[in-house]
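Numbered from 1 within each chain, the chains take letters A, B, ... in sequence-line order.
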Number of protein chains: 2
Amino acid sequence: MTKKNNRSADIGVPRRNNTQRILNAAEKIFAAYGLAGARVDDIAQLCDLPKANILYYFGSKEGLYRATLERLLAVWLADADQWIVAEHSPRVGLEGYIRAKMLFSRRKPATSRLFMHELLAGGDCVREFLHTTLRDFVLNKAKVFAHWQEQGLFAPIDPAHFLFLLWSTTQAYADMQVQFAAVLGRKNLIAEDFEKGVETLMQLVDSVCVQKVNAD
Amino acid sequence: MTKKNNRSADIGVPRRNNTQRILNAAEKIFAAYGLAGARVDDIAQLCDLPKANILYYFGSKEGLYRATLERLLAVWLADADQWIVAEHSPRVGLEGYIRAKMLFSRRKPATSRLFMHELLAGGDCVREFLHTTLRDFVLNKAKVFAHWQEQGLFAPIDPAHFLFLLWSTTQAYADMQVQFAAVLGRKNLIAEDFEKGVETLMQLVDSVCVQKVNAD
DNA sequence: GTCTATACACAGATAGAC
DNA sequence: GTCTATCTGTGTATAGAC
């Protein structure tokens, strides 16, 4: 009834709008239960849209799942690449990267958990990403580490396993949040917990960032 | 038919035997898909037993799930407690703990993944464990750290977040195995990868283990 | 105790009114 | 394009033969 003769800005907007609402809800549900465990009904209820509407937009449950994963991978890449670069010192670059990853775990825990679910289920839907884009990312960052080492700014350390360590620790503040919060006697982690996490990790990472004192 | 008049050692054995077979299969399937995503049929197929048999032993899918979790928690505790003790130096104790956790990720990846699944789903079935047993464990280990620090053997570091770091890095070699292997250009991680992981982590952990040189 | 056959509920997908 | 009503396959659980 109120569909025609509206302002032109509205054309196509409801669909884009709904698509985002659905993806946000789907991410939460898939993050908790994975592809096999999630119910389309639950997603529909969470974004307050009819189930048929969702399937109309995305074709099937798996189609919706793949769409949430694609959005995730795009974000993963966009966020990752600005800190670990030759222009930064190891100390500055690694702290920036760790803070960015930790902030992501705090702000978008569902995104991190969705990725973990996909890995636990075997990673079939991200296999290509892992073997190409992510592998290249690691090889690329290994060059930055090597550069730092040539400059005498960074201790010799295996680049891949060092990145594994950064990923696992920062993402754990999303994936294992329930466990960490319970240990700290809380229901959910608070800002200070994430800050403490950054500081503790930086305390260890600092030891491989060589302080240039007097090199001659 | 062959049930009676067998050797006395066999009495009750088939049931115990089957129970273990079922739990092993259930752990694998639940580790990949979680409670909601797992199919009892798949578990039955994996352990080559009729589905009804499984439900007869454990009452329901959730009953079986809780049983696998209980076995998991028992193992978690049994393995954890021998290394981080005041009798060991930080260097020896922490390396022993890290090697034990890493070996566990290598030998029993499904166990680690099952626990991760439970956490992702909200941890309802382990909430009590997290808030009591695990919390006590951390408080207890914090005392060991404090002792080491009084002896001048260990740098000041937040005990809880330090343990979070050890857990997340070691368990990631099970939970994120698909990702790590892909980055390393393999299908599965091999023994050397786990060894490299231990060494990389120890390289960082070493920096908080104060080498007693000349203290006077 | 063990297993086959089946009841029942539920979830993904679709047909068709609006 | 949107949503209600429904079809159909699948999965948990159980009844009942052996």
Side-chain angles (χ1 to χ4, degrees), chain A residues 1-23 25-30 32-69 117 121 125, chain B residues 1-23 25-30 32-69 117 121 125:
Chain A
M1 316 297 194
T2 60
K3 196 150 347 129
K4 290 218 292 200
N5 294 5
N6 263 349
R7 294 204 249 119
S8 61
D10 287 356
I11 290 173
V13 167
R15 179 170 189 141
R16 278 199 67 79
N17 220 359
N18 281 348
T19 301
Q20 287 305 314
R21 271 176 61 196
I22 294 167
L23 283 173
E27 190 172 70
K28 286 209 184 81
I29 299 295
F30 284 133
Y33 305 111
L35 169 59
R39 305 285 134 90
V40 178
D41 253 333
D42 294 342
I43 296 169
Q45 219 171 327
L46 190 61
C47 64
D48 199 35
L49 248 53
K51 181 168 67 164
N53 199 323
I54 292 173
L55 291 166
Y56 171 71
Y57 283 139
F58 294 95
S60 68
K61 178 166 97 158
E62 189 174 331
L64 173 57
Y65 178 73
R66 288 182 180 273
T68 62
L69 272 184
H117 254 295
C125 299
Chain B
M1 308 345 188
T2 59
K3 198 148 348 124
K4 289 213 300 197
N5 293 6
N6 263 350
R7 294 201 249 123
S8 61
D10 287 354
I11 290 173
V13 166
R15 180 171 188 138
R16 279 198 66 82
N17 219 0
N18 282 347
T19 301
Q20 288 304 315
R21 269 175 63 195
I22 294 167
L23 283 172
E27 191 171 69
K28 285 208 184 81
I29 299 294
F30 284 133
Y33 305 110
L35 170 59
R39 309 285 141 84
V40 178
D41 253 334
D42 295 342
I43 296 169
Q45 218 171 327
L46 189 61
C47 64
D48 198 37
L49 246 53
K51 183 167 65 162
N53 199 323
I54 293 173
L55 291 166
Y56 170 72
Y57 283 139
F58 293 95
S60 67
K61 179 166 94 159
E62 188 174 332
L64 173 57
Y65 179 72
R66 288 182 180 274
T68 62
L69 272 183
H117 253 295
C125 299

Go through I43(B) and F30(B) one step at a time and tell me if the side chain to side chain contact (heavy atoms under 4.5 Å, CB included) criterion holds.
-> CA-CA 9 Å; I43(B) 296 169; F30(B) 284 133; 4.1 Å; yes
Could you check how far CG of L55(A) sits from P of dA15(C), rounded to whole Å?
-> 13 Å
Could you state the CZ-P distance from R39(A) to dA9(C), rounded to the nearest angstrom?
-> 16 Å
Could you give the CZ-to-P distance, from F58(B) to dT14(D), as a whole number of Å?
-> 16 Å
Taking atom CG of N53(A) and atom NZ of K51(A), what is their separation to the nearest 0.5 Å?
-> 13.0 Å
Atom-pair distance (CG on N53(A); P on dG16(C)), nearest Å | 20 Å
Hey, which sits more toward the 5' end of DNA chain D by its nearest nucleotide, P50(A) or S60(B)?
-> P50(A)
base_contact_polar (dG11(D) base, K61(B) side chain, donor-acceptor, <3.5 Å) = no
Compare side-chain N and O positions of Y56(B) against OP1 and OP2 of dG1(C) and report whether any pair is under 4.0 Å apart.
-> yes
More than 12 heavy atoms of other groups within 6.0 Å of Q45(A) CD = no
Distance, rounded to the nearest Å, where L49(A) contributes CG and dT2(D) contributes P | 9 Å
Whole Å only: how far is the NZ atom of K51(A) from the C1' atom of dA15(C)?
-> 14 Å
Y57(B) side-chain N/O to dT2(C) phosphate OP1/OP2 under 4.0 Å | yes
Whole-Å distance, Q45(A) CD to dG12(C) P, equals 13 Å
Is it the case that more than 12 heavy atoms not belonging to Y33(A) sit under 6.0 Å from its OH atom?
-> no
Just call it for A38(A): base, sugar-phosphate, or nothing, with non-hydrogen atoms closer than 4.0 Å on any strand.
-> sugar-phosphate
Taking CG from D41(A) and P from dG12(C), how many angstroms apart are they, rounded to a whole number?
-> 7 Å
